[in-house]
Amino acid sequence: MASELASTGDSTTSVPPHQVLNMNVGVLGHVDCGKTSLCAVLSTVASTAAFDKSRQSKERGITLDLGFSCFLTPVPEHLRAQVPEQVSHIQYTLVDCPGHASLIRTIIGGAQIIDMMILVLDATKGIQTQTAECLVICRITRRKLLIVLNKVDMIEESKREASVERIGKKMRKALENMGIEAVAVVAVSARPDGVETTVDKAIGIAELISCLNLHTEMPVRSPKGPFLFAVDHCFLIRGQGTVMTGTVLSGSVRVNDGVLIPALALNRKIKSMQMFRQPVQKAIQ
C-alpha cells in the first residue's frame with residue numbers, strides 16, 4: 001500500500017478507501033522509452049514526486065527516483081468472488097522506476113513492492129541494453145510481464161503492424177529463454193506527435209487498461225508481522241509537522257500508533273495518514 005504519513009477511470013477522491021483494493025504496478029524500461037509519459041497519461045492522481053517533478057530530474061531529463069501515481073477501474077469480473085464484498089474498485093498504483101543502470105538500487109527498491117510489472121520499449125528502437133537489465137530484475141521479482149511498445153505513432157502506419165509484431169516476437173523469445181511469461185504485447189503512444197495529451201487522444205491506452213484488468217491477480221496481503229515502512233521522501237509542512245511518504249512493506253499501522261525511526265533513534269506518533277490525498281485510519285502491507 002503506497003501511503004503518505006502525516007482520467008482513465010474514476011477519480012480516487014470519488015471512491016472511499018475501504019472500497020478500494022490496491023495493486024502496485026512496476027513500470028520499467030530503458031531511458032527515453034516514454035514510461036513516465038505513459039504513467040502520466042494513465043494516472044488521475046500523482047504523488048509528491050511523480051512524473052520527474054524534482055529539480056534534478058528536470059535538469060538531467062531522466063527519472064532519478066521512484067514516482068508514484070494511480071488510477072481506478074471497477075473490479076474485473078474474474079476477481080469479483082475473491083475480493084471483500086465492500087471492494088468495488090482496483091487502484092492501480094504505478095511505480096515509475098528509473099531506467100538508468102547507475103540507479104539500480106532505486107530500481108530494486110521499487111521491485112520489492114510490485115504486484116504486477118510493465119516493461120516499456122520504444123517501438124522505434126526495440127530492445128536496448130537497459131531492457132536486458134530490467135528483465136534481470138523481473139526475473140528476480142516477477143515471472144509474468146506485460147510488454148508495452150510505446151511511440152508507435154513514429155512508425156509509418158503501413159509498416160506499424162509488422163514492426164510491432166517483429167519486436168513482440170523478439171521480446172517473447174528473449175523472455176522465454178529467461179523463464180518469464182509475456183502475458184501480452186500492447187502497442188501505444190502516450191504522446192502522439194510528441195505532444196502531451198489526454199487519455200482519450202493517446203493511442204492504445206484503453207487496450208492497455210483492459211490487459212491490466214484481464215491479468216490482475218488477487219494480491220497476498222497480511223497485517224501480521226512487524227510494521228516496516230520504506231520511506232521515499234521526508235519533508236516539513238508548517239502546522240502539520242514532518243511528513244513521510246512511502247510504502248508499507250510488512251505489518252500494519254493506525255493513526256495515533258507510535259513508530260520508531262531507526263536512523264534517527266526517535267519514537268514518534270502518527271498524527272494522520274493519506275493514500276493519494278484520501279484520509280485513511282489504517283495502512284497495511
Side-chain angles (χ1 to χ4, degrees), residues 1-5 8-9 12 20-31 33-54 57 62-73 90-101 103-121 130-131 133-148 150 183 188 190 205 208-209 211-213 215-217 219-221 228-233 244-250 274-277 283-285:
M1 177 178 181
S3 306
E4 296 189 5
L5 303 186
T8 55
T12 56
V20 170
L21 174 66
N22 185 69
M23 295 288 298
N24 295 323
V25 182
V27 185
L28 288 84
H30 58 82
V31 170
C33 65
K35 57 185 175 53
T36 300
S37 296
L38 178 65
C39 290
V41 78
L42 281 168
S43 302
T44 54
V45 180
S47 71
T48 52
F51 315 144
D52 300 341
K53 290 178 184 175
S54 71
S57 288
I62 61 174
T63 301
L64 296 175
D65 202 355
L66 298 177
F68 294 84
S69 58
C70 73
F71 67 95
L72 296 181
T73 72
I90 300 289
Q91 174 176 277
Y92 291 101
T93 295
L94 303 175
V95 186
D96 182 9
C97 298
H100 202 281
L103 301 167
I104 192 70
R105 286 184 62 186
T106 302
I107 301 170
I108 292 174
Q112 291 178 340
I113 61 171
I114 287 171
D115 299 309
M116 305 174 66
M117 191 170 286
I118 291 175
L119 178 63
V120 184
L121 283 78
Q130 290 157 348
T131 306
E133 294 161 353
C134 292
L135 290 178
V136 171
I137 295 171
C138 180
R139 186 180 184 185
I140 295 171
T141 58
R142 309 298 302 171
R143 289 292 178 175
K144 291 186 178 181
L145 186 66
L146 177 58
I147 299 171
V148 172
N150 194 19
V183 296
V188 308
I205 299 302
L208 174 56
I209 294 173
C211 279
L212 278 172
N213 280 159
H215 297 289
T216 296
E217 298 177 353
V220 178
R221 300 281 190 262
L228 184 61
F229 186 76
V231 178
D232 298 315
H233 304 98
M244 302 176 76
T245 69
T247 304
V248 179
L249 300 182
S250 70
Q274 292 185 5
M275 180 177 67
F276 289 110
R277 305 177 192 173
I284 66 170
Q285 181 247 354

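A donor-acceptor pair under 3.5 Å is formed between the side chain of Asn150 and the backbone N or O of Ala190. Formation of a donor-acceptor pair under 3.5 Å by the Asn24 side chain with backbone atoms of Asp115 is not found in this model. In this structure, the side chain of Arg221 engages the main chain of Asn22 through a donor-acceptor pair within 3.5 Å. Counting only distance, with no hydrogens or angles, the side chain of Gln91 and the backbone of Cys70 share no donor-acceptor pair below 3.5 Å.
With rounding to the nearest 0.5 Å, the separation of CG in Leu121 from OG1 in Thr131 is 4.5 Å. Distance CZ/Phe229 to OG1/Thr247: 6.5 Å, rounded to 0.5 Å.
When every heavy atom of Met117 is checked against every heavy atom of Lys144, the shortest pair comes out as CB-O, 4.3 Å. Nearest approach of Ala46 to Arg277, heavy atoms of both residues: O-NH2, 3.3 Å.
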Evaluation steps, side chain to side chain contact (heavy atoms under 4.5 Å, CB included), between Phe68 and Val95: CA-CA 5 Å; Phe68 294 84; Val95 186; 3.8 Å; yes
Chi angles and distances behind the side-chain hydrogen bond (donor to acceptor under 3.5 Å, both in side chains) call for Tyr92, Asn213: CA-CA 10 Å; Tyr92 291 101; Asn213 280 159; 2.8 Å; yes
Full working for side chain to side chain contact (heavy atoms under 4.5 Å, CB included) between Lys35 and Leu28: CA-CA 7 Å; Lys35 57 185 175 53; Leu28 288 84; 5.6 Å; no
Residues Thr44, Leu72; criterion side chain to side chain contact (heavy atoms under 4.5 Å, CB included); working and verdict: CA-CA 8 Å; Thr44 54; Leu72 296 181; 5.8 Å; no
CA sep, side-chain torsions, deciding dist, call: Thr93, Phe276, side chain to side chain contact (heavy atoms under 4.5 Å, CB included): CA-CA 9 Å; Thr93 295; Phe276 289 110; 3.4 Å; yes
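None of Ile205, Val27, Val188, Val25 except one satisfies the side-chain contact (heavy atoms from CB on, under 4.5 Å) rule with Leu42; the exception is Ile205.
Residues Leu212 and Met116 form a side-chain contact, since some pair of their non-hydrogen atoms from C-beta on lies under 4.5 Å apart. Using a 4.5 Å cut-off on side-chain heavy atoms (C-beta onward), His30 and Cys134 make no contact. Within the 4.5 Å cutoff, side-chain heavy atoms of Leu94 are placed close to those of Phe71.
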